[in-house]
Number of protein chains: 2
Amino acid sequence: MPHKKTDSAPLPRRARHSDVAKRAGVSPATVSKVMTGRESDRISEETRERVLAVVSELNYVPRSAVREMQTGRTGRIGVLLTHPAAFGNMDPYHLGILSGILSKAFDYRRNTLLYTALEPGADTLRQELLGGGADAVIAVGNVWTPLVEEVVTRANLPVVYVSVLPGEATTPRSVPYFGVDCDNEAGGRLGITHLTDLGHRRIAVIRGRVASNASFVQERIAGAMATADEATANLELVEYKAMEEVIKRVADGAPDAPSAFFFIEGENILGELYDDFLPRYGLSVPRDLSIVTFNSTMMSEYASVPTTSVRQPLQEIGETAVRILAEFLAAGASADHGRRTVVRLPVSLEIRASTAPVNR
Amino acid sequence: MPHKKTDSAPLPRRARHSDVAKRAGVSPATVSKVMTGRESDRISEETRERVLAVVSELNYVPRSAVREMQTGRTGRIGVLLTHPAAFGNMDPYHLGILSGILSKAFDYRRNTLLYTALEPGADTLRQELLGGGADAVIAVGNVWTPLVEEVVTRANLPVVYVSVLPGEATTPRSVPYFGVDCDNEAGGRLGITHLTDLGHRRIAVIRGRVASNASFVQERIAGAMATADEATANLELVEYKAMEEVIKRVADGAPDAPSAFFFIEGENILGELYDDFLPRYGLSVPRDLSIVTFNSTMMSEYASVPTTSVRQPLQEIGETAVRILAEFLAAGASADHGRRTVVRLPVSLEIRASTAPVNR
DNA sequence: CTGTTAGCGCCTTCAC
DNA sequence: GTGAAGGCGCTAACAG
């Protein structure tokens, strides 16, 4: 005889389905219908109440695993943080996105399964996602490991990419995928426009450590360049590593030295910049240099010099990702959303103390 | 005939258990044994490899839901953020804890299910947790709603409370529960000692908006009071709301006015304090007032005046919570941990620019 | 509107 | 070391 009921149960065995049925004097199927509460299953008010009474009396809650097996739906959304250190960083960016995801997920009565592409647990993630632990996935971040690739393509789950949109190269899939990001190009424009309005004509655009081919990096640069052209300003693209040299040129008063820096990613540079690099060369912000960043999280807001920044609506991006997925799933995954719906959310500029009219 | 196999499947039906068995020329049971890889199921190396080959050929991944149903274990840890706005706040406290939880969960090959006690989704949470969606729960935060209460007591899951330890009043449970928190009392001491060392003898201890009976609040106050007594310093307990009056007294140079504030919770006050309250009364930190906070997250670090703060190891607290649970579960929930194991992690003081010798 | 019936896909016990 | 059989708890389809 297989399966012990319980291992010499200390707990008063959980009520199940059939217990309720028996006690309410109905069939198991009826209990099921009451529990799922589907429109098409018409149940007399009387029976309904009787069943419900027993349900609460017995503290009956259907086992989610069984239901999942039956229905093939988990009610969960998997959130995959592709950056291994997404949390180690305590990164306000991820926090913002996650915040939006969480709050919206609950609106849609969905739970949230959190994964990071952190190595130690990669296989757990793989098993769970490929094993059908979630109905859909939101992939956040800009790291594109083979694991992420595999999970996201092979699980055959609807996916929303947040922040980095995959290139066309991505394996063709039999389910649609979506993207949500801010309007990076407009962000690039906004930053430059603000600076040129202040009279800056030599601007350094500084990149962080992110792979240069990430979609958002390219888009921001494109926006910045286009705007600079219109304003006949001079843009200098600087790698993160080369930043100090540029600072040196500014300190030396080189004629071609920029009067403003636009960090199109990586607000977390500010601490080092304000407390280390700049003081070392006797430079002060915004007197000698105007600074603009991207994201406008607390890193810019609370930096030694509160810093002007292009804000992207992180929370709303997260919310949108969930909304897209929830609606898609609700539509029975049938609606023809097209294979590449990308939603762009507007950016705005938050002007703080780090930018001032050029004085050279 | 019930159950359509697939709804006119566009997808090349997922491989299952029996497909692998057939193709590998073994019985389903053998496949199962290979997949679970239990010590006691001895399988010849040869069969093993053959099976595994077919597994990867067919991209077979067992359905997690079915496995759960079978084994009664999900491999998931539920993280319940009891503060409804835990994420809305973008609170670095929660982020730190979560960071620790996530990274450790992966070490133990467990997934993480995230819930907030947010109203709209409360029922989803309830269903899932009571329905067996997780093997254990970590309850983070200080809000004790009936929902939290119910879930945590009725689900009959092992629970770790982070940050707020429930009173004895909590419904008796048939499974143990644990607690992790920092050494709040030592934190209270540390803050006061630092101030008295600087010569402060009149100190206001300021409480935030958290219910006053939260364990950590009481513990911190106890530590603070004990230390103040030893140093014959004068402690004044101030409610958050009454803070402005105290500031006024400081500004007026009242003889009994404190020379230092110790915010035992709520670092997020600092913005308002430094940029609004204090300037309004012409006060400056640390000249007129020394400030100490609790938690030492970026809120203190990046405040207008970098603020001295009692650091609690948030990340490590999260990690510890997971470790406790994982070990408990691994021990077959059998080991006699006692019903109330509480782990205390040490605190430390991070001295910044907001504290200086008293000058009155 | 309610009950009957037949599995979902896997794991586990037990015989071989 | 491997296979055969039964059932986990629930829901879907159909009959009444």
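Numbered from 1 within each chain, the chains take letters A, B, ... in sequence-line order.
When distances run from any side-chain atom of Thr71(B) to the nucleotides dT12(C), dG3(C), dG3(D), the shortest one goes to dT12(C). In the set dT11(D), dC11(C), dG9(D), dG9(D) carries the atom at the smallest distance from any side-chain atom of Val66(A). The Gln70(A) side chain lies nearest to dC10(D) when the options are dT12(C), dC8(D), dC10(D). Candidate nucleotides dA12(D), dG9(D), dT2(D) were compared by shortest atom distance to the side chain of Met69(A), and dG9(D) ranks first.
At least one donor-acceptor pair closer than 3.5 Å links the side chain of Arg14(B) to the backbone N or O of Val61(B). Looking at Thr47(B), its side chain never comes within 3.5 Å of a backbone N or O of Ile43(B) through a donor-acceptor pair.
Nucleic acid contact class of Arg67(B) (heavy atoms, under 4.0 Å, all strands): sugar-phosphate only. Backbone-only contact: Ser44(A) has heavy atoms under 4.0 Å from sugar-phosphate atoms and none from a base. When heavy atoms are screened at a 4.0 angstrom cut-off, Val26(B) is found touching the sugar-phosphate backbone but no base atom.
In this model, the phosphate group of dC10(D) is not approached by any side-chain N or O of Ser18(A) to a distance below 4.0 Å at OP1 or OP2. In terms of phosphate contacts, Thr47(B) brings a side-chain nitrogen or oxygen within less than 4.0 Å of OP1 or OP2 of dT2(D). In this model, the phosphate group of dT12(C) is approached by a side-chain N or O of Arg38(B) to a distance below 4.0 Å at OP1 or OP2. Contact annotation: Thr30(A) side-chain N/O to dT2(C) OP1/OP2 distance is not under 4.0 Å. Between Tyr60(A) and dC10(D) there is a side-chain N or O to OP1 or OP2 distance below 4.0 Å.
The CZ-C1' distance, from Arg73(B) to dC8(D), rounds to 17 Å in whole Å. In this structure, Lys33(A) atom NZ and dT2(C) atom P are separated by 9 Å, rounded to whole Å. Atom pair Arg16(B):CZ and dC11(C):C1' shows a separation of 16 Å (rounding to whole Å applied). As rounded to whole Å, 12 Å separates atom P of dG9(C) from atom NE2 of His17(B). Summarising the geometry, the separation between CD on Glu49(B) and C1' on dG1(D) is reported as 16 Å, rounded to the nearest angstrom.
Counting non-hydrogen atoms of other residues, nucleotides and ligands closer than 6.0 Å to CZ of Arg50(B) gives a total above 12. Under a cut-off of 6.0 angstrom, the local environment of CD in Glu46(B) is sparse, with at most 12 non-hydrogen atoms contributed by other residues, nucleotides or ligands.
Take the nearest nucleotide of DNA chain D for Gly25(B) and for Ala29(A): the residue whose nucleotide is more 5' is Gly25(B).
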Apply ring-ring contact (aromatic ring centres under 6.0 Å, His included) to the pair Tyr161(B) and Tyr177(B), showing each step before the final yes or no.
-> CA-CA 8 Å; Tyr161(B) 297 91; Tyr177(B) 67 93; 5.3 Å; yes

